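Positions are given from 1, in the same order as the sequence printed here. Side-chain atoms are counted along with the backbone in the values below, which use heavy atoms only and exclude waters and symmetry mates. Since the model is a prediction, treat every value here as computed from it, not as a measurement.
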Amino acid sequence: MPETSAAVLRRRSPWLALAMSTGIAVVIISLTLLWPPGNVVLGVRGSAPSQVITGFQGPQQCSECHEAEFRDWSGTTHAQASFDPIFQTYLQRAEEPGECFSCHTTGYNAVTGQFVLAGVTCEACHGPYRPEHPGESMAIATSEELCGTCHRSTVAEWQTSRHGQIGIACVACHEVHTQEARAAASTNLLCKGCHQNQTQDSMHRDHDIAGIRCVDCHLARPADMAPSAVAGHATTAHSFAVAEGTCQRCHDAVPSSN
């Protein structure tokens with residue numbers, strides 16, 4: 001299984017984490033001061049309006065104590081949410097860019113049209129930094145409501161699934177900071193923990209022996225979802241039903257008897 005950028009970062013020297021933290025801090029602080037509110041920046045790492053809302057400190061503040069979590073987050077789509085080229089392209093075309101900023105930035109204010117920090121940073125989920133922390137916890141709710149604020153189509157699919165019906169939360173399968181599926185998903189151990197009977201039938205055993213993971217079929221997605229993803233309507237397969245045509249990716253269609 002290809003090693004992700006977050007995994008690579010975790011293997012490397014602590015000095016790399018320090019350099020990453022410093023670099024992100026410089027980008028965010030510099031552009032916070034230089035980028036006036038309302039401007040759309042294309043092809044560069046945009047950041048925040050000229051006036052920072054009181055309370056938000058930025059991910060570099062969190063990294064001082066939570067180095068591992070910062071490294072995990074640094075290579076994710078959350079960290080790159082404002083900088084992704086596809087997002088930048090669609091942002092230029094958007095009639096109401098505020099709808100984009102509400103999920104792709106941190107501290108967006110719908111009244112002023114301004115946001116505090118580019119990307120989905122720590123404070124987008126944990127809330128603005130509290131001076132009383134760590135004495136006062138900044139833990140977040142692990143229910144689907146928080147994720148569903150932005151991942152609406154994914155949560156809608158999940159709600160139709162057996163997972164949704166019995167309350168298997170997003171964090172049961174997803175690592176919070178890396179956004180990746182928990183490591184056991186790559187070996188089917190995560191799914192087997194609950195679906196013991198289903199994974200022991202002959203069809204599933206044959207697929208397992210062939211190295212085909214549960215997620216390869218039950219989370220198979222269409223090849224190009226960029227347009228619908230930007231619109232917030234991407235198919236993410238979180239109903240966990242095997243979609244039509246998935247089997248044909250490996251198995252040729254059965255020839256007609258005629």
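- Partner H104 forms a ring-ring contact (aromatic ring centres under 6.0 Å, His included) with one of F83, F87, Y90 and no other, that one being F87.
- Checked by atom type and distance alone, the side chain of T89 pairs as donor or acceptor with a backbone atom of P85 at under 3.5 Å.
- Heavy atoms only, all atoms of each residue included: Y129 and M138 are closest at CA-CE, 3.8 Å.
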Test log, rule side-chain hydrogen bond (donor to acceptor under 3.5 Å, both in side chains), inputs T121 and T106
CA-CA 6 Å; T121 68; T106 300; 3.0 Å; yes

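- Checking T236 against T154 by side-chain atom types alone, a donor-acceptor pair falls below 3.5 Å.
- Side-chain contact annotation: T105 with S82, donor-acceptor N/O pair under 3.5 Å absent.
- Although no hydrogens or angles enter the test, the distance criterion places no donor-acceptor pair under 3.5 Å between the side chain of R130 and the main chain of E136.
- Q60 contributes a side-chain N or O that, together with a main-chain N or O of Q57, makes up a donor-acceptor pair within less than 3.5 Å.
- In this structure, R205 does not pair ionically with D208, as no charged nitrogen and carboxylate oxygen lie closer than 4.0 Å.
- Between the side chain of N109 and the backbone N or O of Q114 there is no donor-acceptor pair closer than 3.5 Å.
- Using a distance-only test at 3.5 Å, with no hydrogens or angles considered, a donor-acceptor pair links the side chain of E157 to the main chain of A237.
- Classified by interplanar angle (parallel below 30°, tilted 30° to 60°, perpendicular above 60°), the ring pair F70/W73 is tilted.
- T76 and Q179 share a donor-acceptor pair across their side chains, judged by distance under 3.5 Å alone.
- In this structure, the side chain of W158 does not engage the main chain of C170 through any donor-acceptor pair within 3.5 Å.
- Annotation for E96: atom CD does not count as buried by contact number, only 12 or fewer foreign heavy atoms lying within 6.0 Å.
- Ring geometry for F240 against H163 counts as tilted: the plane angle lies between 30° and 60°, on a 0 to 90° scale.
- Using a distance-only test at 3.5 Å, with no hydrogens or angles considered, a donor-acceptor pair links the side chain of R182 to the main chain of V171.
- With hydrogens and angles disregarded, a donor-acceptor distance shorter than 3.5 Å links the side chain of D216 to the backbone of R213.
- Distance alone, capped at 3.5 Å, places no donor-acceptor pair between the H177 side chain and the D72 backbone.
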